[in-house]
*Asks:* 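Supplied in structure tokens, the structure appears directly below.
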Amino acid sequence: MKRIAMSLMVLAVASSCFSQKKMVSKAKTDLIDPVDLVDAQKSIEAAMGNAETSGDPKTFVVAGDVYKALYDAEAKKRIVNPSMDDKVLGNSLISAANSYMQAAVLEQVPDEKGKTTDKYDKDIKRAFGKITTPLITEGYTAYQAKKFDKSLPFFQAYLEIPNSPIMKDEPIDSNYVQIQLLAAQAAILAKKNDKAIEYLNELKESKLDDNTKATVYEWLFNVYQAQKDTAKSLEVLNEGLKKFPSNQYMISNQVNYYINHGKEKEAMKYLDDAIAANPNSPIYYNAKASLFFSQKKYDDALAMYQKASSVDATNVDAVEGLGVSYASKGQDLDDKADRQFLKTRKNCKQCELDADKAYQQSKTYLEKAHSMYKQPNKENLLMLRTIYNRLKDGANKKKIDEEYKNAQF
């Protein structure tokens with residue numbers, strides 16, 4: 001009786017295993033005309049959840065095919081009805097990517113003899129090739145619609161494919177780095193700072209042109225700033241400045257760091273050393289001028305902006321800085337005139353004349369900067385409007401108002 005019982009038990013286990021494998025085969029058959037996606041999904045999900053078949057890479061290859069077919073069906077519906085809910089479509093595509101990824105992982109699991117199989121390698125690689133474009137498309141569509149949190153799963157699934165062990169000898173898709181950049185920016189805009197940091201740190205090691213690599217450091221600095229991680233912010237800033245010592249954004253933030261921590265002397269020394277090492281670069285003169293400006297030392301700021309302009313006449317930041325500094329100097333003189341009005345009319349009048357002169361000089365430089373900008377600059381237009389208003393130049397103010405109204409910032 002015991003032998004009979006044991007035999008029946010073995011038969012029951014074998015029958016269960018066979019039954020689950022049959023579910024995988026059934027799901028695969030359901031993808032052939034006449035297609036039955038509802039039944040295919042039901043069958044494969046039963047197999048995926050069963051211990052007898054959940055460790056078989058074939059189960060997940062078929063699962064990926066089922067979910068990809070579900071995505072394709074939903075994508076066709078969207079062509080007819082663009083306003084339809086994309087939740088099923090998106091979930092199906094992500095599930096397809098995850099299933100193929102799981103199949104690739106299971107392919108690397110050794111059997112009882114310590115050997116791995118490559119039985120489904122070609123199928124998995126071919127499947128990865130079929131889902132890369134949809135993943136990019138869906139991610140970019142969500143990104144363009146400013147649904148940044150929804151774009152991330154698509155980008156993430158795409159970026160995981162080359163990192164699969166099954167793909168280690170395959171060439172990386174030419175879009176990879178661009179999607180990394182989009183994913184990083186989407187994570188920043190979605191306030192997923194940890195994910196943004198992950199992508200940006202990977203991008204630091206990628207082959208990028210200098211401008212893009214510098215931007216990566218800027219973004220990473222900003223994310224650490226958003227997390228109020230001063231130590232990491234400074235670490236990234238210093239690392240970035242070693243690679244890009246002339247990056248104006250990072251220089252400004254280095255100076256701001258010193259100022260915000262009450263280290264203005266250190267900021268000035270940093271800039272003086274930078275100027276000594278780069279006497280023909282306008283960037284450091286502009287930064288030093290900005291430091292003087294923040295201290296309301298407008299004459300010193302003007303001297304530095306003049307120096308920056310003298311080493312590079314095409315530097316619009318220096319020209320704009322001259323205009324803004326003269327405007328601020330004029331405002332100070334206006335304030336002084338108001339204070340002296342009750343004391344000495346003569347001194348008050350002189351202050352007004354000096355202020356008018358400063359505003360005229362401001363106008364000259366701001367107009368020059370205006371002509372140097374390739375695209376309308378919002379701050380420049382607003383400052384010019386203020387100056388024209390102060391100088392009672394109605395005709396030019398009207399022109400600037402019209403330009404501001406029609407500008408696309």
Side-chain angles (χ1 to χ4, degrees), residues 146 189 211 215 218 222 246-253 255-256 259 281-341 348-409:
K146 301 188 185 306
L189 293 168
N211 286 337
T215 298
E218 291 173 13
N222 286 332
S246 297
N247 182 280
Q248 191 162 350
Y249 181 84
M250 286 188 271
I251 291 168
S252 297
N253 278 288
V255 173
N256 287 337
I259 293 171
S281 173
I283 294 172
Y284 299 105
Y285 295 112
N286 283 335
K288 190 172 180 180
S290 180
L291 179 55
F292 281 132
F293 185 90
S294 69
Q295 298 170 334
K296 296 189 176 183
K297 297 178 180 179
Y298 300 125
D299 287 335
D300 291 330
L302 287 166
M304 283 297 107
Y305 282 129
Q306 285 286 9
K307 185 65 179 176
S309 187
S310 69
V311 298
D312 182 3
T314 65
N315 189 272
V316 68
D317 292 325
V319 177
E320 183 83 10
L322 285 165
V324 173
S325 296
Y326 272 118
S328 296
K329 186 176 180 179
Q331 182 61 56
D332 269 8
L333 288 165
D334 274 344
D335 292 343
K336 186 177 179 181
D338 291 340
R339 290 194 301 272
Q340 291 188 348
F341 181 78
C348 173
K349 187 63 177 177
Q350 186 59 50
C351 285
E352 289 175 349
L353 291 172
D354 291 340
D356 286 345
K357 184 178 178 181
Y359 284 124
Q360 286 290 350
Q361 289 171 308
S362 173
K363 172 186 169 184
T364 299
Y365 286 112
L366 290 173
E367 286 179 339
K368 183 178 179 182
H370 180 260
S371 68
M372 294 170 73
Y373 283 116
K374 293 180 180 180
Q375 299 292 334
N377 180 279
K378 185 176 183 179
E379 287 72 24
N380 176 264
L381 293 175
L382 289 172
M383 184 60 72
L384 269 174
R385 185 167 65 179
T386 299
I387 296 302
Y388 288 142
N389 189 59
R390 169 59 178 77
L391 294 174
K392 297 181 175 56
D393 187 345
N396 276 319
K397 182 178 179 296
K398 185 176 181 180
K399 289 180 182 178
I400 287 295
D401 284 339
E402 191 65 25
E403 184 176 348
Y404 185 87
K405 179 181 176 181
N406 297 322
Q408 294 183 345
F409 301 115

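Heads up: numbering here begins at 1 and tracks the sequence. Because only heavy atoms are used, hydrogens play no part in the values below, and waters and symmetry mates are left out as well, while side chains stay in.
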*Asks:* For Asp334 and Ala355, work out which heavy atoms get closest and say how close.
*Replies:*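 Smallest heavy-atom distance, with atoms named: OD1-CB, 3.4 Å.
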*Asks:* Does Tyr359 reach the main-chain N or O of Gln331 with its side chain, forming a donor-acceptor pair under 3.5 Å?
*Replies:*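 Checking the backbone N and O of Gln331 against the side chain of Tyr359, a donor-acceptor pair under 3.5 Å is found.
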*Asks:* Taking C-beta and beyond as the side chain, do Pro282 and Tyr305 meet within less than 4.5 Å on heavy atoms?
*Replies:*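 In short, these two side chains do not touch, never coming nearer than 4.5 Å.
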*Asks:* Between NZ of Lys399 and CG of Leu384, what distance do you get to the nearest 0.5 Å?
*Replies:*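 Here the rounded value is 12.5 Å.
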*Asks:* Would you say Asn247 and Glu218 are linked by a side-chain donor-acceptor pair, where the criterion is simply a distance under 3.5 Å?
*Replies:*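 Asn247 and Glu218 do have a side-chain donor-acceptor pair below 3.5 Å.
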*Asks:* With sequence neighbours left out, which residue pairs that include part of residues 321-330 fulfil the side chain to side chain donor-acceptor pair (under 3.5 Å) condition?
*Replies:*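 Every side chain to side chain donor-acceptor pair (under 3.5 Å) pair that includes a residue of residues 321-330, provided the two are not neighbours, is Asp299-Lys329.
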*Asks:* Looking at side-chain heavy atoms only, is the closest gap between Ile387 and Tyr365 below 4.5 Å?
*Replies:*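 Contact flag for Ile387/Tyr365 side chains = no.
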*Asks:* Just by distance, do the side chain of Asp356 and the backbone of Leu391 share a donor-acceptor pair under 3.5 Å?
*Replies:*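 No; zero donor-acceptor contacts below 3.5 Å.
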*Asks:* Listing request: all salt bridge (Lys or Arg N to Asp or Glu O under 4.0 Å) pairs with a residue in residues 366-388, at least two apart in sequence or in separate chains.
*Replies:*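 Checked against salt bridge (Lys or Arg N to Asp or Glu O under 4.0 Å) - neighbours excluded - the pairs reaching residues 366-388 are Arg385-Asp401.
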*Asks:* How far apart are the C-alpha atoms of Thr386 and Arg390, what are their side-chain angles, what is the distance that settles it, and do they pass the side chain to side chain contact (heavy atoms under 4.5 Å, CB included) test?
*Replies:* CA-CA 6 Å; Thr386 299; Arg390 169 59 178 77; 5.6 Å; no
*Asks:* Assess whether side chain to side chain contact (heavy atoms under 4.5 Å, CB included) is satisfied between Phe293 and Met304, documenting all intermediate values.
*Replies:* CA-CA 10 Å; Phe293 185 90; Met304 283 297 107; over 6 Å; no
*Asks:* Without swapping roles, check the side chain of Asn380 against the backbone of Pro376 for a donor-acceptor pair under 3.5 Å.
*Replies:*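 Not at all, since once roles are kept as given, no pair shorter than 3.5 Å links the two residues.
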*Asks:* State whether Asp332 and Lys296 are salt-bridged, where the test is any N-O pair (Lys NZ or Arg NE/NH1/NH2 against Asp/Glu carboxylate O) under 4.0 Å.
*Replies:*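 Here Asp332 does not pair with Lys296 in a salt bridge, since their nearest N and O are not under 4.0 Å apart.
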*Asks:* Can you see which heavy atom on Ser246 is nearest to which on Ile251, and at what distance?
*Replies:*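 Shortest heavy-atom contact: C-CD1, 3.9 Å.
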*Asks:* What pair of heavy atoms forms the shortest contact from Val319 to Ala369, and how long is it?
*Replies:*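 The answer is CG1-N, 3.7 Å.
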*Asks:* How about Tyr404 and Phe409: are their ring centroids closer than 6.0 Å?
*Replies:*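 Between Tyr404 and Phe409, the centre distance is under 6.0 Å.
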*Asks:* Within this structure, what is the CE-OH distance for the pair Met383 and Tyr388, rounded to the nearest 0.5 Å?
*Replies:*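 Going from the CE atom of Met383 to the OH atom of Tyr388 covers 13.0 Å.
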*Asks:* Just by modelled atom types, is the Gln306 backbone N or O under 3.5 Å from a matching donor or acceptor in the Ser309 side chain?
*Replies:*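 The answer is no, because no donor-acceptor pair under 3.5 Å joins these two groups.
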*Asks:* Among all residues two or more places apart in sequence or in another chain, which pass the side chain to side chain donor-acceptor pair (under 3.5 Å) test with Asn315?
*Replies:*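 Partners of Asn315 under the side chain to side chain donor-acceptor pair (under 3.5 Å) test: Asn286.
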*Asks:* Please name the pair of heavy atoms, one in Ala308 and one in Tyr285, separated by the smallest distance, quoted to 0.1 Å.
*Replies:*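 Scanning both residues, the minimum pair turns out to be CB-CB, 3.7 Å.
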*Asks:* After noting the C-alpha distance and the side-chain angles of Lys357 and Leu333, does the key distance pass the side chain to side chain contact (heavy atoms under 4.5 Å, CB included) rule?
*Replies:* CA-CA 10 Å; Lys357 184 178 178 181; Leu333 288 165; over 6 Å; no
*Asks:* Quick one: pull up OG in Ser290 and CG in Asn256 and give me the separation to the nearest 0.5 Å.
*Replies:*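 Going from the OG atom of Ser290 to the CG atom of Asn256 covers 7.0 Å.
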*Asks:* Where do Asn377 and His370 land on the side chain to side chain contact (heavy atoms under 4.5 Å, CB included) test, with the steps shown first?
*Replies:* CA-CA 8 Å; Asn377 180 279; His370 180 260; over 6 Å; no
*Asks:* Do you know the tightest heavy-atom contact between Met372 and Ala313?
*Replies:*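 The pair with the smallest heavy-atom distance is CE-O, 3.8 Å.
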